[in-house]
S.K.: 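Below are the structure tokens for one structure; questions will follow.
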Amino acid sequence: MAKKKQEGAVWFRMFRNIRNVVDAVPDESAGAALKAVFAYFDTGELPTNLDTLGYALFLTIKPAVDESNEDYKRAVESGRKGSQKRWEGEDRPPIPSLASPIAPLTEEEKETEKEIKKDIYQETEQPLRPLPKTLVREIDFNERRELALEKLRNYPA
């Protein structure tokens with residue numbers, strides 16, 4: 001099953017300097033504020049159920065969320081402009097629709113394809129000179145195996 005592509009930014013920055021504010025707020029208010037930040041990140045709705053300290057913490061983190069959403073929107077817009085510039089420029093033809101069928105090859109095109117394949121897959125001749133002896137060992141596989149095993153047996157452990 002394919003994953004659904006997430007809309008919008010997937011992260012936001014939380015800087016270290018916010019820690020002093022978080023430490024100053026009671027744990028219950030900090031937890032509620034953090035939950036409100038994530039709800040705001042997902043929906044964009046401001047919280048209504050926070051106490052004063054929790055709302056102050058929320059307002060401290062909110063600019064980071066807004067900045068991340070703006071960064072995301074700018075990146076999407078930049079990608080869209082780049083795509084349009086690349087694919088819909090004046091010097092390029094429009095992208096053909098994938099719904100239109102591809103016309104079958106004519107007889108002349110089929111003959112041309114056959115000639116091209118002949119040129120590509122033509123038989124190659126044998127090399128003019130034999131390979132050097134260092135590349136071609138005249139010893140067979142079993143002999144090489146026995147020599148290797150003998151060397152291993154004599155190797156001090």
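All residue numbers refer to positions in the sequence shown, counting from 1.
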S.K.: If you round to the nearest 0.5 Å, how far is CG of L53 from CD of E28?
M.R.: 11.5 Å
S.K.: Is it true that E77 and R74 make a salt bridge, defined as a side-chain N closer than 4.0 Å to a carboxylate O?
M.R.: no
S.K.: Under 4.5 Å between any side-chain heavy atoms of F38 and L34, yes or no?
M.R.: yes
S.K.: To the nearest 0.5 Å, how far apart are CG in N20 and OG1 in T60?
M.R.: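 N20 CG to T60 OG1: 11.0 Å, rounded to 0.5 Å.
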S.K.: Show the nearest heavy-atom pair for residues L57 and A33, with the distance to one decimal.
M.R.: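 Heavy atoms of L57 and A33 come nearest at CD2-CB, 3.8 Å.
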S.K.: Rounded to the nearest 0.5 Å, what's the gap from NZ on K62 to OH on Y55? Could you check?
M.R.: 8.0 Å
S.K.: Roughly how far, to the nearest 0.5 Å, is the CZ atom of F41 from the CD1 atom of I61?
M.R.: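 One finds 12.5 Å between CD1 of I61 and CZ of F41.
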S.K.: Could you check K114, E113, E108 and say which one makes a side-chain contact (heavy atoms from CB on, under 4.5 Å) with E111?
M.R.: K114
S.K.: I'd like to check the side-chain hydrogen bond (donor to acceptor under 3.5 Å, both in side chains) partners of N69; sequence neighbours left out, ordered by chain and number.
M.R.: none
S.K.: Test side chain to side chain contact (heavy atoms under 4.5 Å, CB included) on T106 and K110 and set out the steps.
M.R.: CA-CA 6 Å; T106 63; K110 287 179 184 176; over 6 Å; no
S.K.: Decide yes or no for Y40 and E45: does some side-chain heavy atom of the first lie under 4.5 Å from some side-chain heavy atom of the second?
M.R.: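 No - every pair of side-chain heavy atoms lies 4.5 Å or more apart.
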S.K.: Please report the closest heavy-atom contact between A36 and L50, naming both atoms and the distance.
M.R.: CB-CD1, 3.8 Å
S.K.: Count the heavy atoms of every other residue, nucleotide or ligand shown that sit under 6.0 Å from CG of D27, and state whether that count exceeds 12.
M.R.: no
S.K.: What heavy-atom pair brings S29 and D51 nearest, and what distance separates the two atoms?
M.R.: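 In terms of heavy atoms, the two residues are closest at OG-OD2, 2.6 Å.
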